[in-house]
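First the structure, in the form of structure tokens, and then the observations on it.
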Amino acid sequence: MVGAWAWAERRLYELVGAWAPSTTAPPAKIWLASASQHHAWRAQLWQERLAGRLAPAYPGPGAPATGPELDLVRPGSPEAEAALTALAGLDGDGARLGAYCRVILPRTVVAYRSWQRRCTACADRPVARVLALNLVDVVADWQEGSQVLTELLDQPGGAERLSEVAAASTDLERLLVGHGLGPDSSRAS
């Protein structure tokens with residue numbers, strides 16, 4: 001699960017950051033650039049947990065850059081990969097913000113909280129700590145992004161954007177229903 005979330009957060013860093021330059025609404029542009037950096041930070045936290053968990057199996061300094069920990073940084077499911085590919089292909093401020101703020105961020109919060117409830121104090125303390133840090137960060141991004149989206153919809157032309165928001169959110173949600181962004185919840189952390 002750690003590797004799947006390292007992959008998801010890194011991929012979200014890349015695609016949300018790629019949206020910022022082409023976003024037309026200045027508040028959305030600024031917020032997306034910031035949110036992208038938050039994904040980079042969370043990806044790094046997961047990457048660090050992955051390396052720590054594999055320390056006994058890691059061959060050490062001078063080993064090839066294709067070590068065992070890198071093989072675990074991959075999509076948690078084909079659906080997660082398809083959803084983030086679809087997300088990357090969205091055009092327009094409304095579609096991007098809608099899918100991201102109404103689907104990706106809330107699903108991330110739900111997945112992180114679910115994983116957090118399954119952690120045990122003795123075995124999962126490093127993972128639980130990262131989950132707690134990430135949850136504060138993701139919830140803040142979700143709230144700020146929802147505010148940016150609401151303000152965008154309240155501007156002239158908001159009714160037309162609402163259709164764009166709804167369509168993109170529905171299409172993305174359809175890809176994730178029953179799967180989520182991370183790996184299957186039955187897998188161990």
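Both backbone and side-chain heavy atoms feed into the values below; hydrogens, waters and symmetry mates do not. We number each residue from 1, following the sequence as shown.
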**Prompt:** If you measure only the distance, is there a donor-acceptor pair under 3.5 Å linking the side chains of Glu48 and Gln44?
**Reply:** yes

**Request:** Would you check if Ile104 and Leu176 make a side-chain contact, meaning some heavy-atom pair closer than 4.5 Å?
**Result:** yes

**Closest non-hydrogen atom pair, Arg161 against Leu153** = CB-CD2, 3.8 Å

**Prompt:** Is a side-chain donor or acceptor of Ser169 paired with a backbone partner of Gly98 at a separation under 3.5 angstrom?
**Reply:** yes

**Message:** Please find the pair of heavy atoms, one from Leu90 and one from Ala95, that lie closest to each other, and give the distance.
**Reply:** CD1-O, 3.6 Å

**Glu173/Arg107 ion pair, N-O < 4.0 Å** = yes

**Prompt:** Does Ser146 offer a backbone N or O that forms a donor-acceptor pair with the side chain of Thr150 under 3.5 Å?
**Reply:** yes

**Item:** Nearest atoms (heavy-atom pairs only) where Glu164 meets Asp93
**Value:** OE2-N, 4.2 Å

**Item:** Arg42 side, atom CZ; Leu133 side, atom CG - distance, nearest 0.5 Å
**Value:** 11.0 Å

**Request:** Taking the six-membered ring for Trp and the full ring for Phe, Tyr or His, determine whether the centres of Trp41 and Tyr13 are under 6.0 Å apart.
**Result:** no

**Asked** Linking I/L/V/M/F/W/Y whenever any side-chain heavy atoms sit under 4.5 Å apart, do Leu105 and Ile30 land together?
**Response** no

**Request:** Tell me whether the centres of the aromatic rings in Trp142 and Tyr100 are closer together than 6.0 Å.
**Result:** no

**Asked** How far does CD of Glu9 sit from CH2 of Trp46, to the nearest 0.5 angstrom?
**Response** 8.5 Å

**Asked** Is the closest side-chain heavy-atom distance between Thr120 and Arg125 below 4.5 Å?
**Response** no

**Message:** For the residue pair Arg96 / Ser22, report whether a side-chain donor-acceptor contact shorter than 3.5 Å exists.
**Reply:** yes

**Message:** Is there a side-chain contact between Val139 and Tyr112 in this structure, where contact means two heavy atoms from C-beta onward sitting under 4.5 Å apart?
**Reply:** no

**Item:** Closest non-hydrogen atom pair between Ala20 and Ala33, with its separation
**Value:** CB-N, 4.0 Å

**Message:** Can you give me the closest heavy-atom contact between Leu172 and Ala86, atom names plus distance?
**Reply:** CD1-CB, 4.5 Å

**Message:** Side chains of Glu151 and Gln147: any donor to acceptor distance under 3.5 Å?
**Reply:** yes

**Asked** Taking atom types as modelled and ignoring hydrogens, do the side chains of Ser114 and Arg118 form a donor-acceptor contact shorter than 3.5 angstrom?
**Response** yes

**Request:** Report the distance from atom CG of Leu149 to atom CG of Leu162, rounding to the nearest 0.5 Å.
**Result:** 9.0 Å

**Item:** Between CG on residue Leu175 and CG on residue Leu84, distance to nearest 0.5 Å
**Value:** 10.0 Å

**Prompt:** Do the non-hydrogen side-chain atoms of Trp5 and Asn134 ever get within less than 4.5 Å of each other?
**Reply:** no

**Asked** Shortest non-hydrogen contact from Trp31 to Glu144?
**Response** NE1-CB, 3.5 Å

**Item:** Distance (rounded to the nearest 0.5 Å) between Thr108 OG1 and Asp141 CG
**Value:** 10.0 Å

**Request:** Test side-chain contact (heavy atoms from CB on, under 4.5 Å) on Arg102 and Leu97 and set out the steps.
**Result:** CA-CA 8 Å; Arg102 292 187 173 178; Leu97 285 171; over 6 Å; no

**Message:** Determine whether a donor-acceptor pair (N or O, by modelled atom type, separation under 3.5 Å) exists between the side chain of Arg49 and the backbone of Val130.
**Reply:** no

**Asked** Does the side-chain contact (heavy atoms from CB on, under 4.5 Å) test come out yes or no for Trp115 and Val2, once each step is laid out?
**Response** CA-CA 11 Å; Trp115 188 7; Val2 170; 3.9 Å; yes

**Message:** Working to the nearest 0.5 angstrom, can you tell me the gap between Asp137 CG and His39 NE2?
**Reply:** 9.0 Å

**Item:** Expected output: side-chain Lys29 to main-chain Thr24 donor-acceptor under 3.5 Å
**Value:** no

